[in-house]
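Just so we're on the same page: letters track the sequence lines, and every chain starts at 1.
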Amino acid sequence: MITYEFSEEQEMLRQSVREWAAKNLTPRVQEMEKNKEIPHDLIKSMAKMELLCPTVAPEYGGSGFDAVTAGIVGEELGRADYTASTAVFYLVQASWAYLFDKYGTHECKSKYIPPATKGDAFIGIATTEPGIGSDLANMVTTITPNGNRYIVNGEKNYISGVREVKQYGGGHVTIARQNLQAGTRGMTLFFLPLGLPGIDITEDEEMGREAISTGGFHISNVEIPKENIIGKEEKGFYIVHEGYEFARAIIACVCCGAAMKSLENGISYIKERNAFGRPIGKYEGIQFPLAEHYTKISMLRDLSYKALHMIDLEKEGKASRMEVSKTVAMAKMICATWAMQAIDDVMQWQGAFGYNKECPDQAAYRAVRSFTLAEGSKEIMKTIVARELLGKEFITYR
Amino acid sequence: MKVIVCVKQVPDTSEVRVDPETGTLIREGVPSVMNPFDQFALEEGVRLREAAGGEAEVIALSMGPPQARSALMKALALGADRAILLTDKVFAGADTWATSLTLAAAVKAAGKPDLILCGLQAIDGDTAQTGPEIAHRLHLPQVTYAEKIMLDGRTAVITRQTDSGYEVVEVRMPALITCTPPADFVPSTPPYSAITRAKKKPYEEWGVDKINIEADTLGLRGSPTQVKRVFSPPRRDTGVMLEGRSAAVIAGELFQALAKEGIL
Ligand SMILES: Cc1cc2nc3c(=O)[nH]c(=O)nc-3n(C[C@H](O)[C@H](O)[C@H](O)COP(=O)(O)OP(=O)(O)OC[C@H]3O[C@@H](n4cnc5c(N)ncnc54)[C@H](O)[C@@H]3O)c2cc1C
C-alpha cells in the first residue's frame, strides 16, 4: 500500500504559505470579488513566494517542486481564498507549465515560462470548444504545417485565464487536429500566445470564482513557429493527460482546503448560534453531518495526496500509468461533490446568512461547483476509473 | 561580527481558547509558532549581518522541547546561519530566572557574540524579563524596547520606544538588545528555496553537558517562581460607544457622561 508522510520542508512550506495568505491574500478576497480581478501586486507577491509555475526547473525560474508540494500550495490557497480564484490561477498555470516544461522546446520555454514565474505572464490550457469538451476526437480546431511554420484555425471556449493573458502576456497550451483522419491519434499539442494576429478573445461571465476570467477565442489563420510544438507532432493526445492529471489532483487538494475551511467556519458558528435555548451545535441533526463531512473530506485529502505522490512515483518508475490515472480520477471524481455537500451544510447551519452574498461559504460553494467540470468532468472521471477496472475493451465510445 | 538571537516557540495565542467551565487556557491542538517579537529580532539580526558584510554570522538560540526545532528551522529559513536548541529534561519547567541562567550559559558556550538580540517578551508569558536577565548574568549593557538598530563601528545606535515617543541611545558592543516591531513591520514568510537552504544549514541540539552548569540550578528545581493558575479574567461589558455625530457633539456628550459618573 502506498502511504505518504509530508517532509519537514513541506510542513514548513505549508506554514509559510498559510502565514503569507493570512496577511496578503485573505484580507483582499472581497475586493477581488468585487473588482473581478486578482490585483497584479498580489500576483507579484505570489511570485516572490515562488508559487508560480513552481514545478519548473530553477533554470526557467521555477523552484522544482514535486507534485505533492504543489498540492500543498493548492490546498492552502483553497483555504485562504473562498472564491478559489487565486487557487485556479495557481493550479492551471502550475499544471500546464509542468507539461510545457517537460515537453516544450528550449526556445519556446525560455520565452514564456520565466515571465510567468515572475507574475508577468499567464500560462493556461485550451482544449474545450463550443461543440466539444469531453469528446476531444471531434474537435474542429486544426493545425496545418506550412513550411517551417504552422497555421491554426478554429475556436476554443470556456477557457480560464484569457483576460490575464491579454493583460500580462503568455498564452495557452492548446490542442488541435493535425491528421484529420486519425481522431485522437492525429492531434498536436502546441503553445498558442493569445497576442498573435488572428486571435479574437471574448469573455464569459461565470457563476463563481469571479476574480479569474473565463472566455473563448476565435483562431483564424494564426501562424506559429515550429518551436511552439509541444512534444511530437500528432502525439499530443498521448501527453496531454499528464497536464490534466496534475491539474486534477491539485483541484482535489483545493477542494479539501475549501471544504475544511468552510467546516471550520461552520464549527465556530454552530457553537455560538443559539436556538431553543442552546447552541445549535448541541443538536445531533447538526453534529452528524459535521462528523460525516469531516470524515469524507479527511479521506479525500488522503486520496488526493496519494494521487499526487503517485505522479511523483511514476517519474521514478515506481508507479504504473494505469494506477496513476485511476487514483487521480478517483480523487477528482468525488472532490467537488463532497466539498459542495460539506459547504452546502455549512451554509444551511448559518440559516438566512448562509444564503447572503456576504457569507464566504456561498462563494466557496459557487467556486467549487466549477470543479465538477473544469479539467475533466466528474462523469469522465468515472469512465476512467471504470476503464481501469474493466479493461479498455469496455470503453463506451469504442 | 557575531549576532546571537534568542528565539522561543510559543503557542499561537490568537488560537488559544478558554475553557468556559474552569477559565483555564486550552493549549491542546493549538499550533506552535515562533514568538512574533523574536521573529522581528531575528530579521533585524539578519539585516545587520547583511549590512556588516564580511565574516558576520547570525546564530539562532532556543531552549525548549524537541518540537521547538521547528521554530529554529524557521529562523534558518529566515536567514540565520546556524541554530542551537537547548533541549534536556533538566531544563524543563524553568521560570525566567532559570531560563536566563541556561541561555546565558549557552551564549558563553557558543562563543563571544557582539550582539545578543531578544524579542521584547514572549506572547505566552509576557514577562519581558528573560532578555534583561541574560544581560545581567553576562555583565553586558542592555537596551530594551528597540524598534531600530544601526551599527556604527563598535557602537549600536538604537531607536527605542518609550511611553511618550522615541529615544535614540548608543551602546558599545557587546550588548544585549530586546526588540519590538514597529507598527508597519510585516514578518517575512520564507519561500521554498529558503526552506530547502535552511535544511542544509548547521543545526545542533545541546543537553546540559554542553553548558557547564549544575543541573540543580536549572529547570523546575532552579525556578524560584511558579505559575499557580492561568485563567482569563471575567469578560467585561462593552463600554458605551459615542459615534456617528460630529466631534464637537461627541465631546459634549463625553463631558456630560464623565461628569455624571463624578469623574470630572
Ligand atoms: C469554470 C470553468 C473553467 C474552465 N476552464 C477551462 C480551460 O481553461 N480550458 C479548457 O480547455 N476547458 C475549460 N473548461 C471546460 C471543461 O474542461 C469542460 O466543461 C469539460 O471538459 C466538459 O466538457 P463540456 O462542458 O463540453 O461538456 P460535454 O463534454 O459536452 O459533456 C456534457 C455532459 O455530459 C457528460 N458526459 C460526456 N460524455 C460522457 C460519457 N461518456 N459518459 C457519461 N457522461 C458523459 C459530461 O460529464 C457532462 O456532464 C472550463 C469549464 C468551466 C466550467
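Between the side chain of Glu50(A) and the backbone N or O of Ser193(B) there is at least one donor-acceptor pair closer than 3.5 Å. With hydrogens and angles disregarded, a donor-acceptor distance shorter than 3.5 Å links the side chain of Lys23(A) to the backbone of Pro187(B).
More than 12 non-hydrogen atoms from other residues, nucleotides or ligands lie less than 6.0 angstrom from NZ of Lys315(A). Heavy atoms from other residues, nucleotides or ligands lying under 6.0 Å from CZ of Arg28(A) number more than 12. The 12-atom threshold is not exceeded at OH of Tyr145(B), counting heavy atoms of other residues, nucleotides or ligands nearer than 6.0 Å. No more than 12 heavy-atom neighbours from other residues, nucleotides or ligands sit within 6.0 angstrom of OH on Tyr294(A). Annotation for Lys210(B): atom NZ does not count as buried by contact number, only 12 or fewer foreign heavy atoms lying within 6.0 Å. Counting non-hydrogen atoms of other residues, nucleotides and ligands closer than 6.0 Å to CD of Glu5(A) gives a total of 12 or fewer.
Of all the listed residues (Val17(A), Asn24(A), Thr69(A), Leu13(A)), the one sharing the greatest number of non-hydrogen pairs under 4.5 Å with chain B is Leu13(A).
Looking at Lys199(B), only its side chain comes within 4.5 Å of chain A, counting heavy atoms on both sides.
Annotation for Thr189(B) and Ser16(A): closest pair C-OG, 3.3 Å, computed over non-hydrogen atoms. When all heavy atoms are compared, the tightest approach of Glu19(A) to Lys74(B) is OE1-NZ, 2.8 Å.
Rounding to the nearest 0.5 angstrom, the gap separating the CD atom in Glu9(A) from the CD1 atom in Ile195(B) is 8.5 Å.
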